[in-house]
Amino acid sequence: MATVEAIKKKFEGDRADENCKVFHDSVKALTVDDLKKNILLYTKYLQETLKAIATKPEIKEAELKLKEAKKPYNDAIKESKDKIKQLKSFVDDSICVQDLENQMIIHAMEVEEQKIRMSNCPIVQDAKDELDLVKGPMNDAKAMLQLKISYINILISEKEGFEPGYRNEE
C-alpha cells in the first residue's frame, strides 16, 4: 500500500479529487469509536467486493477468454524458460559452456519476443479490454475501499497518539 504521506495527500492535498475531499470532511472530525465503526463498514464492503470479483460469472468468463488468448504465448514462454533452466544446469556442469550459453541467449530472447507478440496480439488485447470493462469498476471500488480503510486507520492512530504504522511497537 502507499505511504502514510501519499494516502493523506490523496484525501487532504490540494490535488485531492472532490470525492476524496468530501470523504475527508465527513470523517476528519469523527471520534475514534465512530472511525472504528466506519473502518468496520468499509472492511465489510471490501469483503463483499472481493467476493463479487471472485465469483461474478462475467468476470470469470472474461478471465478465461484472456487466459485462452494468452495460452499459446505463455506455453512458448514456459517452454523457453524450461530450456534455459536445463541449459543453465549443463553450463554449471561445465559442458560445452559457450554453445550452451549461446542457446540460453537465444531462448531468453525468444521469451521476450513472445511477450512482445502477446502484448501486440489483437485477440489478447480484446480479451484484456473485455476483462477491464467487466472487472474495472469493481477493481476501482476495491482500490478506493482499501484507500479509505488506510486513511481511517491513519486518523485513528493519530487521534490515539500513535505514529501510523507503529501502534504495536514499544
Side-chain angles (χ1 to χ4, degrees), residues 1-71 73-75 77-78 81-82 84-85 108 111-112 114-170:
M1 194 50 156
T3 65
V4 171
E5 294 79 26
I7 293 168
K8 288 175 81 171
K9 189 175 180 180
K10 177 83 174 158
F11 290 96
E12 300 171 3
D14 294 338
R15 296 185 179 194
D17 69 35
E18 194 58 37
N19 289 333
C20 289
K21 286 180 183 178
V22 169
F23 178 76
H24 167 266
D25 292 345
S26 71
V27 297
K28 185 69 174 175
L30 294 178
T31 65
V32 170
D33 286 340
D34 287 335
L35 287 170
K36 287 180 179 180
K37 289 176 188 174
N38 272 270
I39 209 168
L40 175 62
L41 181 67
Y42 287 112
T43 300
K44 288 178 179 180
Y45 290 158
L46 177 60
Q47 292 307 306
E48 291 169 7
T49 302
L50 292 171
K51 183 179 179 184
I53 289 171
T55 60
K56 192 171 182 183
E58 296 87 1
I59 292 175
K60 286 185 174 218
E61 183 181 323
E63 287 173 335
L64 183 60
K65 283 182 183 177
L66 179 58
K67 184 178 178 181
E68 289 172 1
K70 288 182 169 184
K71 186 175 181 353
Y73 302 101
N74 285 334
D75 287 350
I77 289 169
K78 183 184 181 322
K81 284 183 175 182
D82 288 345
I84 291 169
K85 189 185 298 182
V111 166
E112 298 308 314
Q114 289 295 327
K115 289 178 183 178
I116 292 168
R117 287 184 199 127
M118 182 169 48
S119 69
N120 291 329
C121 175
I123 295 169
V124 171
Q125 194 57 53
D126 288 347
K128 277 184 180 179
D129 291 345
E130 183 179 339
L131 180 58
D132 288 344
L133 186 65
V134 175
K135 196 175 181 181
M138 300 198 93
N139 280 339
D140 293 345
K142 177 181 107 176
M144 185 50 74
L145 288 166
Q146 289 171 328
L147 195 60
K148 286 180 178 181
I149 290 167
S150 295
Y151 183 66
I152 293 171
N153 179 67
I154 291 167
L155 292 177
I156 292 170
S157 291
E158 289 176 346
K159 285 183 183 231
E160 291 182 336
F162 295 102
E163 183 178 343
Y166 296 95
R167 169 182 298 278
N168 297 325
E169 293 188 7
E170 300 287 328

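Values below: every heavy atom of this structure, side chains too, minus hydrogens, waters and symmetry copies. The structure presented is a predicted model; accordingly, all values stated were derived computationally and were not measured. Throughout, numbering of the chain's residues begins at 1 and tracks the sequence.
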Does atom [atom1] ([X]) have a neighbourhood of more than 12 heavy atoms from anything else shown, all under 6.0 Å?
{"X": "I123", "atom1": "CD1", "answer": "no"}
{"X": "K44", "atom1": "NZ", "answer": "no"}
{"X": "Y45", "atom1": "OH", "answer": "no"}
{"X": "K67", "atom1": "NZ", "answer": "no"}

What heavy-atom pair brings [X] and [Y] nearest, and what distance separates the two atoms?
{"X": "V124", "Y": "A69", "result": "CG2-O, 3.4 Å"}
{"X": "A16", "Y": "K9", "result": "CB-O, 4.1 Å"}
{"X": "E12", "Y": "K28", "result": "OE2-NZ, 3.9 Å"}
{"X": "L131", "Y": "I59", "result": "CD1-O, 3.9 Å"}
{"X": "V4", "Y": "P164", "result": "CG2-CB, 3.8 Å"}

[atom1] of [X] to [atom2] of [Y]: how many Å apart, nearest 0.5 Å?
{"X": "K37", "Y": "I152", "atom1": "NZ", "atom2": "CD1", "answer": "13.5 Å"}
{"X": "C20", "Y": "I7", "atom1": "SG", "atom2": "CD1", "answer": "11.5 Å"}
{"X": "S150", "Y": "I39", "atom1": "OG", "atom2": "CD1", "answer": "8.0 Å"}
{"X": "E58", "Y": "M138", "atom1": "CD", "atom2": "CE", "answer": "9.5 Å"}
{"X": "K8", "Y": "H24", "atom1": "NZ", "atom2": "NE2", "answer": "9.0 Å"}
{"X": "T55", "Y": "K60", "atom1": "OG1", "atom2": "NZ", "answer": "7.0 Å"}

So do [Y] and [X] actually touch side chain to side chain, heavy atoms under 4.5 Å?
{"X": "N19", "Y": "F23", "value": "no"}
{"X": "N74", "Y": "M118", "value": "yes"}
{"X": "R117", "Y": "Q114", "value": "yes"}
{"X": "E158", "Y": "I154", "value": "yes"}
{"X": "K135", "Y": "K142", "value": "no"}

| What about the rings of Y151 and Y42, do their centers lie closer together than 6.0 Å? |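 No, the ring centres sit 6.0 Å or more apart.
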| Should E112 and K115 be marked as a salt bridge (Lys or Arg N to Asp or Glu O under 4.0 Å) after you check the CA-CA gap, both sets of side-chain angles, and the distance that decides it? | CA-CA 5 Å; E112 298 308 314; K115 289 178 183 178; 3.3 Å; yes
| said: If we ignore hydrogens and angles and just use 3.5 Å, is the side chain of K65 paired with the main-chain N or O of D126 as donor and acceptor? | reply: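 No, the answer is negative, given that no donor and acceptor are paired below the 3.5 Å cut-off.
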| message | Between K78 and D82, does any side-chain N to carboxylate O distance fall below 4.0 Å? | response |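 Salt bridge present between K78 and D82.
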| query | Of the options T31, L30, L35, D33, which is the one that meets I156 in a side-chain contact (heavy atoms from CB on, under 4.5 Å)? | reply |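 Answer to the side-chain contact (heavy atoms from CB on, under 4.5 Å) test with I156 among T31, L30, L35, D33: L35.
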